[in-house]
S.K.: 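For reference, the structure I am asking about is given below.
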Amino acid sequence: MDFIKKLLQTDQERGRASIQMTVESDFNLPDFEPDMIKLIDRKGSVRIHEIRVEPDQIVVNGALCFQALYKCTESGNICSLQGEVPFSETIHMEGVQETDHLVVLNNMEDLTLGMINSRKLNIRALIELSVTDHMEQQIQLPTGIEDTSVQTLYQQHKMLQLITQKKDICRIHSEILLPSNRPNISKLLWQSVQLRGLDSRIRNGEIELTGELLVNILYKGEDDERQVQCMETTVALHENIECNVCEPEMLFKLIPLQVQLEVTPVEDEDGENRVLMLEGMLDFYLRVWQEEDLQVLEDAYSLQDELMLEREPVNLQSLLVKNDSKFKIADQILLENQPAEILQLCASVGEVLIEDSRVVPGGIEAEGVLKVRMLYITASDEMPIGIAEGVIPFAKQVEADQIQPEDIYELSAGIDQLTVILADNSQADIKAVVGLDAIVFRRENTALICGMNRQPEDLEQYENQPGIAGYIVKEGDRLWDIAKEHHTTVADVMQMNQLASEQVNRGDKLLIVKQMAVPAGI
């Protein structure tokens, strides 16, 4: 017997795994850099270079990239350096395949730089790597039977058809001009480029990315190399990612994997270092779905013979909710043990970390912290640059009506806005807007009809059934089940009892007439 089938493309989450690892190494200053006297600040990031799948494990190769700002023996007082420490880590994940789509995210929980001597640093970082394994799966959905003599029952399902999933790179390029009241750049000491307020929208044939890049730099000016200059500016982000299969009514999820952005001083038309070239890339993982209402064959029987249905278990996926919410954080950070008066705030770097999340009635509860790090200029000639940092905890619930503990959810966080104001020399006022993006999938475990065999009707059982029967509807009865049990059709029961619909209620009385059994082929 031939089925009418529709191919459903889905992505099933095979599993998740995470590990914590320590990356540690000694780092010698290059010969051209002056000796260190005291460390001032440090910054680090993780770059993933390669993800390799081996039997039941994933090998992640990457590097810990760091910057250091320090007081040096050079006449300019403040110097900087940067470097990287390579690493290779193995993550166990049973059943992982090379054809799977792996999403690897990283989080640097702690970075420590320590002076061993004036020419050597010790670099140590605690890094968390988390992997999600997505497996593409094709499901043959039975949507009908070509034999019109067979009685069929259908169930309506709202499912997600996977249109595409891919990893890609969005390249970013922009030029920043120094304000006219700033001196030319002699040497760039420190830089920070933060992506804030990232928003994405689906268009015909593309994904539109918007947001802003907050750029902070410290540099030595050509006029007086002993005086450190600082500058902060924002660059609007507006990029389009090609996606030929995208249409506005589709659902999508874009996950930033790595953001690598840096600025480099270049000469302007007059040959002066007054231009900053901002370049970098955003690595991302994109999935696009189409929501479809599909009628799936649930049951079938025949009045001519007995049908033996074959079924196979599958997981069907539907969207429960997609919620992009924002909330505000306001708090104060104490600036303790400041050796000198703070003259100017140079840079404020923020990072949001989700430390735990769980399903609660009506939504997802997220607990995390906002880390804030400040770089400022002081009135001290001995130590003109200072740092302060603080951690602000938060707990926030993202609404997701009807969510169940067994539902699958993905939760990400980012900073939309961050404002730091120095109230005095002892504290800073912090105000932030944090975005929490959640997408929740419902998994329905069901058994789809995949085959059907015919067997001759059991005539003895058929003859033992009464030709006419009265039936009182019980709680949970469906007209389909009643008709199937009494060897008739839903249409005949409705016509016999003058029913306007298939809806029956507990206590309803029905008159049922058994249909004649006609052997197949007659």
Side-chain angles (χ1 to χ4, degrees), residues 18-30 33 36-49 60-72 78-89 104-130 188-195 214 216-218 256-263 280 333 335-337 346-355 368-376 383 385-393 413-415 418 420 430:
S18 62
I19 62 166
Q20 281 188 335
M21 64 177 184
T22 300
V23 177
E24 185 170 11
S25 179
D26 292 343
F27 182 84
N28 293 314
L29 266 68
E33 295 288 358
M36 292 182 293
I37 298 176
K38 184 178 181 179
L39 283 171
I40 300 174
D41 200 4
R42 78 277 189 266
K43 186 165 76 87
S45 62
V46 176
R47 292 184 181 177
I48 305 298
H49 300 317
V60 180
N61 295 320
L64 164 65
C65 305
F66 67 90
Q67 292 183 52
L69 192 66
Y70 64 95
K71 184 178 180 182
C72 60
I78 303 299
C79 297
S80 64
L81 62 90
Q82 60 184 15
E84 62 179 45
V85 180
F87 66 81
S88 180
E89 190 67 24
V104 179
L105 300 175
N106 66 79
N107 172 36
M108 185 181 299
E109 297 188 358
D110 185 52
L111 173 65
T112 304
L113 273 63
M115 281 182 56
I116 298 175
N117 55 51
S118 62
R119 303 296 303 173
K120 181 182 288 189
L121 284 173
N122 175 257
I123 316 296
R124 187 177 186 275
L126 180 63
I127 298 171
E128 181 181 23
L129 295 177
S130 61
L188 189 63
L189 296 173
W190 187 256
Q191 61 172 284
S192 170
V193 184
Q194 303 169 70
L195 176 58
L214 180 64
N216 295 98
I217 63 167
L218 285 178
L257 302 177
Q258 296 187 94
V259 181
Q260 302 176 27
L261 296 166
E262 62 179 22
V263 291
I333 292 178
L335 310 178
E336 299 177 338
N337 303 319
C346 296
S348 303
V349 179
E351 182 183 16
V352 176
L353 300 177
I354 298 177
E355 298 182 327
V369 295
L370 169 65
K371 292 184 176 181
V372 180
R373 191 172 182 85
M374 295 164 281
L375 191 68
Y376 53 83
M383 186 58 70
I385 300 295
I387 62 166
E389 55 188 339
V391 176
I392 303 173
I415 297 177
L418 176 64
V420 179
I430 312 296

S.K.: Are I333 and V391 close enough that some pair of their side-chain heavy atoms sits under 4.5 Å apart?
M.R.: no
S.K.: Looking at Q194 and N216, would you say the former's side chain and the latter's main chain have a donor-acceptor pair under 3.5 Å?
M.R.: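 No; judged by distance alone, with no hydrogens or angles, the pair does not exist.
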S.K.: Can you list everything that forms a side-chain contact (heavy atoms from CB on, under 4.5 Å) with V259? Sequence neighbours excluded, please.
M.R.: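 With sequence neighbours excluded, V259 shows a side-chain contact (heavy atoms from CB on, under 4.5 Å) to L195, L261, L282, given in chain and number order.
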S.K.: Could you walk me through whether S80 and Q67 pass side-chain contact (heavy atoms from CB on, under 4.5 Å), step by step?
M.R.: CA-CA 7 Å; S80 64; Q67 292 183 52; over 6 Å; no
S.K.: Between I48 and L257, is there a side-chain heavy-atom distance shorter than 4.5 Å?
M.R.: no
S.K.: Would you indicate whether the side-chain heavy atoms of I387 and R42 approach each other to under 4.5 Å?
M.R.: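 No, every pair of side-chain atoms sits at 4.5 Å or beyond.
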S.K.: CD of E355: more than 12 outside heavy atoms within 6.0 angstrom?
M.R.: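 For E355, atom CD is crowded (more than 12 foreign heavy atoms under 6.0 Å).
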S.K.: Which residues pass the side-chain contact (heavy atoms from CB on, under 4.5 Å) test with E84, not counting sequence neighbours?
M.R.: A63, C65
S.K.: Find out whether E89 and I127 are in side-chain contact, i.e. whether some heavy atom of one side chain is under 4.5 Å from a heavy atom of the other.
M.R.: no
S.K.: With heavy-atom distances below 4.5 Å as the criterion, would you say the side chains of Y70 and L121 are in contact?
M.R.: no
S.K.: So do the side chains of L353 and E109 get within less than 4.5 Å of each other, counting heavy atoms only?
M.R.: no
S.K.: Would you mind reporting whether Q258 and R47 have side-chain heavy atoms less than 4.5 Å apart?
M.R.: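 Yes - at least one pair of side-chain heavy atoms lies under 4.5 Å apart.
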S.K.: Report yes if the side chains of M108 and K43 come closer than 4.5 Å at any heavy-atom pair, otherwise no.
M.R.: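 They are not in side-chain contact.
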S.K.: So which of I217, I78, L375, I385 actually passes side-chain contact (heavy atoms from CB on, under 4.5 Å) with W190?
M.R.: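 Considering I217, I78, L375, I385, a side-chain contact (heavy atoms from CB on, under 4.5 Å) with W190 is found only for L375.
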S.K.: Which distance, rounded to the nearest 0.5 Å, do you find between the CG of L39 and the CG of D41?
M.R.: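 Here the interatomic distance stands at 9.5 Å.
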S.K.: Can you list everything that forms a ring-ring contact (aromatic ring centres under 6.0 Å, His included) with F87? Sequence neighbours excluded, please.
M.R.: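 Partners of F87 under the ring-ring contact (aromatic ring centres under 6.0 Å, His included) test: none.
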